[in-house]
Amino acid sequence: MPTKIMSINAGSSSLKFQLFEMPTEKTVAKGLFERLGSQDNAVFSYSFGTAKEKKELNRFSHKEAVDFLLNFLIEKKILSSLEELKGVGHRVAHGGEAFPHSCVIGIQEEAVIDELCQLAPLHNPVNLVGIRSFKEALPGVKQVAVFDTAFHQTMPSKNYIYPIPYDYYTQDGIRKYGFHGTSHQYVGDEAAKALGEQVESLKIISCHLGNGASICAIKNGKSFDTSMGFTPLAGLMMGTRCGDIDPSILTYLQKNKKMTPEDVEAMMNQQSGFLGVSQLSNDSRDILKAASEDNPQARLALDIFTNRVKTTIGAYAAEMGGIDVVIFTAGIGENSAEIRQLCCSDLAFLGIELDENRNQEGQSFIQKDGKSVYVMVIPTNEELKIAQDTFELV
Ligand code: ADP
């Protein structure tokens, strides 16, 4: 008898859902609520089978959206009754050091996720709203938390301790946590499956390149290092985030340009990256187009972005003592042959070389024949990973 599992990703004004039949992993329905908790009417879009619709609702809170969704699933006979739903899995941004794995959310777990709001003030509170809304609507159904940080809890301390006074780690929890863990773990496992190998036997570098971007070194099936840090601002350059910069820039700007900490934070998170350098757009498609028309700042933005990916691949190859597989995933990684090519150029000395046609076509394997490193394009599926963990736990 197949089981139905719901996968939920709650954002500040949105709620994404995907209903799976397990263990077949078939998507039964999926959709999105937008403009929740605002002055505007909420917008609901969904698809199941061949049916697809987008419609405006009333003004809705997250809880009202959850109630609406459950009624809707019954009304449309997507669920025969709510009893059919055996678990709800929630994406939770930050699990700190408390959660090295996904977990069923009891009272204690909920309290810890709440405490961790101070480390992820933009994300954990809205994730909690999602959890509490479903708990209230479905008191008999297990809620599961799947953390963006959990996969990275296996990093050795040399890779997560910052070289600042140690008390900031012990007293304030300041360390590298890493994010996108669900995605890195999912594509790493998929790569091993496609190769018919145990993930434990491979040295994998997973490049999750979307609007947010991070790279993970996966050694023995575990996260060994990753480019995001204490927050998702660190590491690579991104759509609007700067990634790693000299930390003194922050104090310099505060002292000399009279910027407040909030100004500096907004500059680094919302005005930097592709957008900041190109002064055109945060969207890599616009940057690629402008660069092809010889816009120098778009070209520079592309060069910085791809160079950072390349240097991180080089660093992680050195850290792991080699590479077997490089994976490209997420919006840019899955779709842009040009960016994949730029990221891999000059890496032939590591055994990384792309086949032009395979790369253009976005095939699963895009390395040249006879090369020692497999280069793969694997669509990420965080929703499925959330459902898999939830199914396993319930
Ligand atoms: P996130 O989940 O972090 O918001 P996504 O993984 O959806 O981001 O990726 C969004 C990025 O993917 C955007 O920068 C967009 O330009 C890029 N993208 C999507 N399709 C293409 C494409 N065909 N070519 C280049 N970039 C693409």
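Residues: numbered from 1 along the sequence shown. All ligand and atom numbering here is 1-based and tracks the order in the structure.
- Between H208 and ligand 1, a contact under 3.5 Å exists for no N or O pair.
- Of the options K52, K30, E53, K54, a side chain to side chain donor-acceptor pair (under 3.5 Å) to Y46 is made by E53 and by none of the others.
- The nearest heavy-atom contact from the protein to atom 23 (N) of ligand 1 is N335 CB, 3.3 Å.
- Within the 6.0 Å centre-distance limit, the rings of F179 and H94 are counted as a close aromatic pair.
- For R175 and Y177, the positive end sits near the middle of the six-membered ring, less than 6.0 Å away and at most 45° from its axis.
- The nearest heavy-atom contact from the protein to atom 15 (C) of ligand 1 is D283 OD1, 3.5 Å.
- Separation of the F44 and F72 ring centroids falls under the 6.0 Å cut-off.
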Please tabulate, for the side chains in residues 385-394, all donor-acceptor contacts under 3.5 angstrom to protein atoms that are two or more places apart in sequence or on a different chain.
unit_1, atom_1, unit_2, atom_2, d
K385, NZ, D389, OD1, 2.9
Q388, NE2, E25, OE2, 2.9
D389, OD2, S102, OG, 2.7
T390, OG1, I386, O, 2.6

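- When every heavy atom of N58 is checked against every heavy atom of N41, the shortest pair comes out as C-OD1, 3.6 Å.
- Heavy-atom proximity to G210, at under 4.0 Å, picks out these atoms of ligand 1: 5 (P), 6 (O), 8 (O), 9 (O).
- At the shortest separation from atom 10 (C) of ligand 1 among protein heavy atoms lies N211 N, 3.6 Å.
- Looking only at protein heavy atoms, the nearest one to atom 3 (O) of ligand 1 is G212 N, 3.1 Å.
- Under a 4.5 Å side-chain heavy-atom cut-off, the cluster of Ile, Leu, Val, Met, Phe, Trp and Tyr residues that includes Y166 is completed by M155, Y160, I161, Y169.
- Looking only at heavy atoms of the protein, atom 17 (C) of ligand 1 is closest to S284 OG, 3.4 Å.
- Atoms of ligand 1 lying under 4.0 Å from at least one heavy atom of I332, given by number and element, are 11 (C), 12 (O), 17 (C).
- The protein atom (non-hydrogen) at minimum distance from atom 24 (N) of ligand 1 is R285 CG, 3.6 Å.
- For ligand 1 and S336, the ligand atoms under 4.0 Å from any heavy atom of the residue are 24 (N), 25 (C).
- At least one N or O atom of G331 sits closer than 3.5 Å to an N or O atom of ligand 1.
- Of the charged side-chain nitrogens involved, at least one lies within less than 4.0 Å of a carboxylate oxygen, so that R132 and E110 count as a salt-bridged pair.
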